[in-house]
Amino acid sequence: MKNIKMHLINAIMGCLFISLVIFGCEKNDAANSEEEQVLTCGSTLPTGFQCISASGKSTLTTTNIPELYGCWDSKSFDFCVEYKSNGTGIITYKPSSFVAGSTQNIKWGAMVKANGDLLLSNVGTIYIAHESLQGSIDPQIALLSFKQSTKQWYGFDLVTIGKCETITGGGTSTGGTGNIVFWTNSDLGCGVITVKVNNQTGSISSYHGTSPVCGAAGTANFTLPAGNYTYTAECSKYKWTSTFTITAGSCFKMQLT
């Protein structure tokens with residue numbers, strides 16, 4: 001997002017002059033060596049944990065962050081993000097002089113160590129990772145730092161609000177239909193995966209090395225009215241269940257890992 005990038009440059013310049021102030025510069029702490037480690041999430045995770053793919057890495061995260069649930073708005077950076085307790089959410093990109101407004105379905109989680117403990121920065125913040133379920137996510141907001149005790153963000157001016165504004169054609173649209181494709185990027189060794197959504201059944205019979213289009217062979221595809229849904233997927237070894245949002249006229253992609 002060009003508008004986000006321009007503001008981010010201004011924030012970085014401010015950090016150079018206020019080097020002793022944590023606010024605005026904390027986000028860069030995500031480059032520490034501990035955060036660079038690759039965590040193997042596994043195929044079956046405890047309740048409240050999920051696997052998030054970021055920059056080609058598999059990161060174990062937890063959604064047990066009640067301080068985060070709800071909507072957070074950034075006026076300077078022109079976006080608003082809604083965090084749901086089930087580890088899903090919606091980022092709303094506001095219209096600006098550079099881009100049109102849009103929404104993006106995501107899954108999110110606080111990064112944890114292999115033993116499940118929260119991964120802390122050197123000043124005690126936690127890292128909130130985001131993965132887009134609809135294409136790529138802006139890399140500048142793929143990983144943000146949040147302090148639970150003060151409910152403060154670092155690098156962005158996010159403040160809690162009751163609800164993100166509605167963008168025309170966005171993820172909470174209630175008219176028309178959209179599509180969702182369920183897929184895997186590797187052979188999980190459990191045979192055909194059966195997927196059930198809204199009394200409909202589909203199957204995943206092959207894997208794809210890259211994110212497929214809706215309707216691709218070997219994937220489970222559904223056409224549904226815009227709205228919120230719950231799915232279940234199952235094979236001989238594994239079972240998945242979660243929620244997602246269908247946007248009218250768009251292709252929603254759900255990778256099973």
Spacing of [atom1] belonging to [X] relative to [atom2] belonging to [Y], to within rounding of 0.5 Å:
X: Thr92; Y: Phe79; atom1: OG1; atom2: CZ; value: 10.5 Å
X: Leu256; Y: Cys51; atom1: CG; atom2: SG; value: 12.0 Å
X: Asn198; Y: Thr223; atom1: CG; atom2: OG1; value: 11.5 Å
X: Thr103; Y: Glu82; atom1: OG1; atom2: CD; value: 11.0 Å
X: Glu67; Y: Thr150; atom1: CD; atom2: OG1; value: 10.0 Å
X: Asp157; Y: Ser76; atom1: CG; atom2: OG; value: 4.0 Å

Minimum-distance pair of heavy atoms, taken over all atoms of [X] and [Y]:
X: Asp187; Y: Tyr207; value: N-CD2, 3.4 Å
X: Ile204; Y: Trp183; value: CD1-N, 3.8 Å
X: Thr62; Y: Trp108; value: O-CZ3, 4.2 Å
X: Lys94; Y: Ser74; value: NZ-O, 3.3 Å
X: Ala114; Y: Leu60; value: O-CD2, 4.4 Å
X: Ser211; Y: Lys253; value: OG-CD, 3.0 Å

Can you get from [X] to [Y] by hopping between Ile, Leu, Val, Met, Phe, Trp and Tyr side chains that sit under 4.5 Å apart?
X: Val112; Y: Leu120; value: yes
X: Ile161; Y: Phe77; value: no
X: Val192; Y: Met254; value: no

- Query: Can Val197 and Tyr231 be said to form a side-chain contact (heavy atoms from CB on, under 4.5 Å), step by step?
  - Reply: CA-CA 5 Å; Val197 179; Tyr231 78 86; 3.5 Å; yes

- Query: Are the side chain of Ser186 and the backbone N or O of Leu188 linked by a donor-acceptor pair below 3.5 Å?
  - Reply: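 It does not hold such a pair.
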
- Query: Under 3.5 Å, side chain of Ser145 to main-chain N/O of Tyr154, donor-acceptor pair present?
  - Reply: no

- Query: Stepwise, does the side-chain contact (heavy atoms from CB on, under 4.5 Å) test hold for Ile193 with Phe182?
  - Reply: CA-CA 10 Å; Ile193 300 172; Phe182 292 85; over 6 Å; no

Pairwise side-chain contact, [X] with [Y], heavy-atom cut-off 4.5 Å (strictly under):
X: Lys113; Y: Leu118; result: no
X: Thr59; Y: Thr61; result: yes
X: Val195; Y: Thr201; result: no
X: Ile106; Y: Val81; result: yes

- Query: Are Ser53 and Glu131 linked by a side-chain donor-acceptor pair shorter than 3.5 Å?
  - Reply: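 Absent: no donor and acceptor within the cut-off.
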
- Item | Donor + acceptor pair across side chains of Asn221, Thr219 (<3.5 Å) | yes

- Message: Would you say that more than 12 heavy atoms from the other residues, nucleotides or ligands in this model lie under 6.0 Å from the CG of Asn115, or not?
- Response: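 Yes, because the 6.0 Å sphere around CG of Asn115 holds more than 12 heavy atoms from other groups.
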
- Message: Please check if the number of heavy atoms outside Phe49 that lie under 6.0 Å from its CZ is greater than 12.
- Response: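 Yes, the 6.0 Å shell around CZ holds more than 12 heavy atoms from other groups.
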
- Query: Parallel under 30°, tilted from 30 to 60°, perpendicular over 60°: which one fits the rings of Trp72 and Trp153?
  - Reply: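 Trp72 vs Trp153 ring planes: perpendicular.
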
- Query: For Ile128 and Ile126, what are the C-alpha separation, side-chain angles and deciding distance, and is it a side-chain contact (heavy atoms from CB on, under 4.5 Å)?
  - Reply: CA-CA 7 Å; Ile128 308 301; Ile126 60 176; 4.0 Å; yes

- Message: Test ring pair (Phe, Tyr, Trp, His ring centres under 6.0 Å) on Tyr229 and Phe222; report intermediate values, then the result.
- Response: CA-CA 12 Å; Tyr229 296 89; Phe222 301 89; 9.6 Å; no

- Message: Apply salt bridge (Lys or Arg N to Asp or Glu O under 4.0 Å) to residues Asp73 and Lys163 and explain how you reach the verdict.
- Response: CA-CA 9 Å; Asp73 183 67; Lys163 183 180 180 181; over 6 Å; no

Would you mind writing out the side-chain donor-acceptor pairs for residues 83-91 within the sub-3.5 Å range, not counting sequence neighbours?
from, atom 1, to, atom 2, distance (Å)
Tyr83, OH, His130, NE2, 2.7
Asn86, OD1, Thr88, N, 3.0
Asn86, OD1, Thr88, OG1, 2.7
Asn86, ND2, Thr243, OG1, 2.4

- Task: Mind running side-chain contact (heavy atoms from CB on, under 4.5 Å) on Trp240 and Glu234 for me, showing each step along the way?
- Result: CA-CA 6 Å; Trp240 301 261; Glu234 194 169 4; 5.8 Å; no

- Query: Does the separation of the ring centres of Tyr127 and Phe146 fall below 6.0 angstrom?
  - Reply: no

- Message: Does anything in residues 198-227 form a disulfide (SG to SG under 2.5 Å)? List the pairs, not counting sequence neighbours.
- Response: Cys214-Cys251

- Query: Would the SG atoms of Cys80 and Cys164 measure under 2.5 Å apart?
  - Reply: yes

